[in-house]
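Handing you this structure, nothing more for now.
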Amino acid sequence: MKKSITNRQIFFLIFLALTSYRSIDMPIIIARSAGRSGWIPIIIVSLIFGVVITIIIKLNNMFKDKVLFDYGQEIVGKFITYIIVCYFIVYFILIGIFLDIKLVDVLTTNFLPSSPQYAILTLGIMLFGFAAYKGITNMARLFEIIGALFLLVTVGICILMLTQGMDYNILPIFNVSDTNHFLTAIKELFIPYFGIEILFVIPFTTINKKAPRVGFATLLFIGFFYILIVEGTFMILGVNNTALLNDSFIEAIKITEMPVIERTDIFYLTFGLSSLFAGMMIVFVVVVEFACKLFKKVKRHVVVIVVAIIMYILTLLALNIKKVDEIFDSFFIYLIIISSIIIPITLLVVAKIKKRVLEKVKK
Amino acid sequence: MKKNSKYLIIIIALLFLAVFASGCWDSLDINEKLIATTIAFDVKNDEIYYYMEYPCIEVGDEGDNISGSDGGKYMTIKGIGENIPDSRESLNKQLHKEPYFSGISSLILTENFAEEYLLEYLYRFRADEHYRKKTLIVTTKEDLDELFELINEKNDSVGFAIDEISDTLDDTGKSFSRTISRLIENLSSEYTGILISCIGIQDEEIALVGYSVVSGTKVIGFIPVAGSNGLVFLKAVEPKFSYIVPYKDINYTFGVSLTRKTTKTYYEDEEIRFDVKCEFKAGLKYGDKKVPYNFDDAAEAAVAKILTRTIKKELLDTINQAQKEFKCDYLQLDDEFRINFPVEFEEIDWQKEFPKADINIDVTFEVSTEWMMDYSYFETK
Amino acid sequence: MIRYNFKKTAALLKSKNQDFSERSFEFSCGTIKLFFIAQLTDKAALTENVVKPLILHCSSAQKPISARIAIDGIIYSDDCMIQSDISKIENFILSGMAVILFSTDKNYIVVNFKKIKQRNIPSPQLTYSIRGSQDCFVEDLDVNLSLVRYRLKDKNLRIKKFEVGVRTKTSVAVLYIEDIANDTVVNELQKRIAAIDVDGISESGELQSFLLNSKLQLFPNIGLLERSDMAFHSLLEGKCIVFVDGSGLALLVPKTFSEFFHSCDDRYDNKFFGLFSRILRYAALLIGFTASSIFVAITSFHTDVLPIKYAISLAEMRSNAPFTALMAALILEFISELIREALLRVPKKIGPAIGIMGTIVIGQAAISAGIFSPLLLIIASTALIASFAIPDYTLVTPFRILKFALLLFTGTMGFFGFTLFLTFVLIQLVSLNSFGVPYMAPWAPFNFYDFIRTFMSNLTTNPVRPHYMRTKDKTKQKQKTKKSKNA
């Protein structure tokens with residue numbers, strides 16, 4: 001049976017890569033930057049990244065059965081491709097460390113305060129390594145299941161929040177004075193949208209004409225998903241509480257009640273955690289895929305082990321750095337601009353030019 | 001290759017074993033925790049009293065039982081200190097198990113405590129992830145020692161009793177309660193004005209006795225339950241009350257409920273105006289005489305007029321009290337203004353503007369006799 | 001080519017195998033010898049159709065009798081053939097055939113009058129159903145093939161026979177419908193069977209272990225078939241069936257995770273009840289696998305997910321328990337597994353006594369002594385009962401083992417460990433395949449039509465076969481398909 005990634009799987013891959021951790025952070029980011037009008041910057045950033053993902057998908061479509069490592073060499077040559085791949089490996093390792101820190105942080109703050117960080121990391125990284133070993137196709141299948149469940153549970157909880165919350169917490173929907181903060185909000189929102197570069201390791205086995213539309217629609221959907229989470233949290237907690245509480249989305253879930261079983265946080269404990277894992281797994285898989293391409297002679301399981309050890313050590317070191325969040329936030333946005341915007345656009349433009357030149361030469 | 005796989009499996013198995021063997025750091029069975037049902041604070045002689053109520057789940061569970069009933073279902077202990085952290089430390093020294101605060105149903109603050117320490121404690125509450133922010137908050141004028149003793153002697157929990165009373169009153173439209181989350185949100189806003197339910201003892205049972213007015217970060221006043229119908233109509237969800245209306249020698253009892261409330265906000269020439277329109281429905285239940293009522297359209301109109309006058313007066317008195325007596329917008333009209341004029345709201349000082357605002361009340365009634373008991377069939381017999 | 005010496009061959013056969021029966025027929029020009037194993041042969045039929053005609057013919061024969069003459073004009077049998085390979089004579093006799101050797105001909109006749117003492121066709125023991133036929137497969141391969149043939153009269157039904165086991169030479173038959181089944185699956189299956197190099201196999205379970213993707217595979221990707229009606233339905237879905245001579249259970253290939261939850265009753269009953277039953281079975285697996293772990297997670301780690309009154313009630317129940325929730329859960333699950341194993345092996349006469357002892361000793365006494373909390377006992381019992389709700393028990397077996405691992409993970413790290421382990425299991429499940437068919441189809445890769453088909457509709461009345469099987473003939477109902485196309 002031929003292994004290929006369907007459009008549905010692309011949707012869930014991107015969805016989980018982007019929303020896994022940032023769905024917890026998003027209400028705080030919006031409350032502190034744009035307030036009640038925060039849905040506008042979310043839509044703007046979703047549109048920007050929607051265009052970016054369309055560019056990446058078009059690149060993949062131009063080169064059937066190839067990934068960045070392969071078609072990059074055709075476009076810009078071997079040397080520059082190696083530099084780009086090395087850059088992406090470092091970039092995704094940094095993302096991986098960042099997500100690991102956040103995972104450990106969420107777990108120790110909310111659920112396991114006495115458990116040592118190394119124990120959480122040990123078990124977590126073993127899972128991520130196991131997932132990475134299985135490959136991108138199996139990840140896509142796994143994400144179809146986890147993504148659907150996570151989406152259903154989160155949307156269900158958000159709907160409960162919207163029905164149980166107070167509407168004056170989100171009104172007015174648009175305040176002119178909030179527009180002064182939109183640029184700051186847009187800048188801060190770039191970071192939750194990292195991860196669409198995972199498409200660079202997914203080969204398109206057939207020319208998928210629907211994929212660009214699917215990608216764009218996915219980003220828009222993610223934008224609406226974030227808006228739902230933000231508005232739900234605001235309705236339950238209020239803007240001030242959201243801005244001041246740590247992990248305000250989880251606090252809002254604890255307040256929301258369901259008929260019969262009352263508490264809803266048990267659902268988020270399981271499905272939310274599995275989505276956190278999903279975000280880490282996809283990063284791990286991408287690093288392994290790039291590394292396997294770079295070091296073709298090394299066996300896959302060796303690459304997985306080496307990457308796991310590197311991530312483990314670096315994460316443990318990073319956990320001891322004070323204000324590591326702020327350090328990441330300060331330079332990450334530039335990395336995201338390079339990897340999400342500059343590199344794909346450059347590659348696409350060069351590829352298109354080369355294609356036209358070749359066509360002219362043939363004629 | 002196969003040897004390498006074996007070594008790999010052995011290493012992974014050892015790692016798992018290492019984690020498991022040294023693990024279970026957060027594992028603590030529920031019966032090994034002291035489940036707190038209520039916490040309460042008081043200030044006496046410049047000392048803070050920290051009360052914690054918990055259920056006895058074992059036979060012969062003994063703590064510092066101030067209720068004096070050994071083996072009672074709920075027990076209360078207290079810690080005393082110069083400040084909140086010290087009082088908590090004092091309490092901790094008496095605990096024979098690790099306390100569990102995520103299930104607290106009510107937080108009780110005496111008015112003395114709320115006057116000085118409300119903001120400090122609420123910020124402490126917000127910072128601690130163990131507390132559920134949906135906990136109910138109430139104030140009281142009673143002595144907490146007496147309150148806990150009275151209720152614990154009956155093998156009941158003060159926290160559950162308050163929770164159940166609040167739920168019942170909220171569901172039946174007789175009152176409105178506030179959670180800590182809502183209170184903290186209000187206190188963190190630019191303008192603060194909110195009411196907190198006040199409980200007391202009536203006939204040796206816990207009862208709602210009124211509402212404490214919070215302005216800024218302090219409790220500044222008290223509104224008793226008697227005469228607070230207008231307040232409940234403006235604040236509660238689906239409020240309902242019974243009114244007795246005398247008409248033609250019969251005292252008719254009506255069930256009055258607010259069906260719709262709309263508020264229109266105007267801001268012209270730096271003057272704020274609210275037009276509050278309340279639509280009520282009055283259902284005639286019964287009269288106090290065994291005679292035919294002959295309740296016709298004219299009677300309905302007359303009763304509607306009486307009810308309109310009565311309720312409008314109650315609503316205006318409530319608004320007057322908020323504007324003139326307390327000068328505090330606990331009616332949340334600031335939210336209405338903020339929603340309609342967000343830019344202007346940021347520029348003005350609501351604390352000064354609210355007492356000057358012009359608030360108009362328009363009351364309409366729909367009288368229904370559908371379910372009335374009528375003795376008119378006696379005439380036809 | 002081995003030179004044929006009649007006397008020597010006959011003498012060798014007799015000397016090597018003392019349980020071979022020998023009957024000689026002398027005639028004027030030579031000798032005919034009949035070899036067979038009495039325990040495996042229908043002696044009455046042999047006497048009537050071979051011995052008697054040979055005696056009659058030999059007494060008056062003037063010319064040499066050859067194998068061709070005998071097969072065409074003397075012996076009465078519908079299942080006989082002429083062979084010439086001397087080295088195979090012994091194998092034919094050992095497999096239950098009667099062999100007729102001729103002194104005047106190097107060829108010999110192999111006649112099938114095999115009759116092995118078998119039990120009658122029984123009722124199903126593993127896959128009981130309310131409706132549907134009650135006939136099951138038996139140990140005789142021919143009987144099993146006959147059960148399939150009489151239901152499926154399709155000219156495209158193919159039966160490929162193999163011999164597996166150097167010493168046992170067990171007959172293995174692979175059945176499939178040629179114009180439906182996917183060639184990749186059929187070829188892969190045949191390749192794996194042909195590659196088996198072992199002394200012998202006696203049961204389909206032993207063959208199954210050779211057909212797995214890897215030796216360390218925990219989850220079954222091959223189904224078991226006990227009933228003939230399920231066999232015929234499976235063939236129509238594009239699957240392959242493997243019969244092993246001597247085994248009453250056939251193998252079904254390929255089998256996906258969701259198909260383990262299908263029962264024959266789903267086809268015969270109302271489709272809404274079928275939907276309800278399938279949801280119930282999925283819930284049963286989930287409960288059986290996770291119930292104890294969720295109890296441990298809530299009791300020991302995440303007590304705040306419980307409303308306060310439930311928490312107090314649970315604390316009261318556990319107030320005198322000497323064990324932690326994890327220890328108690330592990331002990332109870334272990335006891336459940338012991339009871340399950342004991343009930344399988346216990347003689348029928350003392351079975352009820354074991355049941356009573358289990359209930360009274362473990363249930364009542366343990367609670368009275370305060371060793372376990374009543375809630376945990378209810379959960380463990382429910383999980384035990386739930387594990388019997390899955391139609392194909394082979395799927396439950398790995399989950400019974402993994403349950404303990406899940407308990408350990410949950411007992412160490414609460415819901416983090418619980419979710420972690422479940423994700424491990426899920427990764428393993430999605431990465432499996434059953435002879436090229438994704439194991440978690442139609443969940444992952446997701447196909448909407450197949451998903452609806454799995455849950456909502458009656459599998460028999462569906463006009464289209466499942467897409468993940470990639471069968472050659474995709475439609476089952478041509479008229480309906482035409483109508484839907486025209487509409």
Side-chain angles (χ1 to χ4, degrees), chain A residues 35-37 107-116 118-123 125-126 129-130 133 164-178 234 236-248 250-252 254-257 262-263 265 299 301-302 304-305 308 312, chain B residues 1 4-5 7-9 11-16 18-28 98 102-103 122-123 125-135 179-190 192 237 263 332-347:
Chain A
R36 292 179 179 93
S37 312
L107 286 169
T108 49
T109 311
N110 293 294
F111 307 119
L112 302 168
S114 306
S115 297
Y118 75 83
I120 296 173
L121 264 179
T122 308
L123 289 178
I125 283 192
M126 275 200 262
F130 180 67
Y133 179 69
Q164 292 177 18
M166 292 165 288
D167 54 3
Y168 61 79
N169 278 339
I170 58 168
L171 295 172
I173 290 174
F174 176 67
N175 184 356
V176 172
S177 58
D178 286 339
F234 282 176
I236 293 287
L237 290 177
V239 179
N240 298 310
N241 271 340
T242 308
L244 295 164
L245 282 169
N246 294 325
D247 303 327
S248 46
I250 296 177
E251 292 292 346
K254 287 182 182 177
I255 293 176
T256 312
E257 281 186 352
E262 293 185 28
R263 303 273 201 247
D265 39 350
K299 293 214 164 99
H301 69 277
V302 174
V304 168
I305 291 167
Y312 187 73
Chain B
M1 172 60 190
N4 289 338
S5 302
Y7 289 139
L8 190 62
I9 290 168
I11 290 167
I12 291 171
L14 281 172
L15 273 170
F16 273 121
V19 172
F20 289 136
S22 58
C24 306
W25 302 272
D26 283 287
S27 174
L28 187 64
E98 194 176 305
S102 297
L122 288 177
Y123 281 176
F125 194 96
R126 180 174 64 190
D128 193 337
E129 292 88 17
H130 293 115
Y131 294 112
R132 276 193 183 258
K133 309 300 185 276
K134 204 177 177 178
T135 307
T179 59
I180 291 184
S181 156
R182 193 157 167 187
L183 181 62
I184 296 172
E185 173 64 13
N186 193 278
L187 288 178
S188 309
S189 307
E190 288 165 26
T192 309
V237 176
T263 308
Q332 261 78 60
L333 289 170
D334 60 327
D335 286 321
E336 293 289 338
F337 189 79
R338 178 182 55 74
I339 290 166
N340 291 293
F341 301 97
V343 177
E344 289 81 357
F345 183 75
E346 282 169 18
E347 288 164 5

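Throughout, a chain's letter reflects where its sequence line sits, starting with A, and its residues are numbered from 1.
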Against chain B, label D167(A) side chain, backbone, both or neither, depending on which of its atoms sit under 4.5 Å from a heavy atom there. neither
When heavy-atom pairs shorter than 4.5 Å are enumerated against chain B, which of L171(A), L237(A), N241(A) gives the highest number? N241(A)
Heavy-atom side-chain proximity of E346(B) to N175(A) below 4.5 angstrom: yes
From NZ (K133(B)) to OG (S248(A)), nearest 0.5 Å: 11.0 Å
Is there a side-chain contact between S181(B) and I255(A) in this structure, where contact means two heavy atoms from C-beta onward sitting under 4.5 Å apart? yes
How close do R338(B) and Y168(A) get, heavy atom to heavy atom, and via which atoms? NH2-O, 2.8 Å
Would you check if L244(A) and E185(B) make a side-chain contact, meaning some heavy-atom pair closer than 4.5 Å? no
Check whether any side-chain heavy atom of T256(A) sits under 4.5 Å from a side-chain heavy atom of K134(B), and report yes or no. no
Leading residue by heavy atom contact count with chain B [cutoff under 4.5 Å; candidates P116(A), S177(A), A243(A), A252(A)]: P116(A)
Proximal component of I173(A), with respect to chain B [non-hydrogen, under 4.5 Å]: neither
Note, E251(A) side chain near R126(B) side chain (heavy atom, < 4.5 Å): no
Separation of R36(A) CZ from I339(B) CD1 (nearest 0.5 Å): 8.0 Å
Are W25(B) and L112(A) close enough that some pair of their side-chain heavy atoms sits under 4.5 Å apart? no
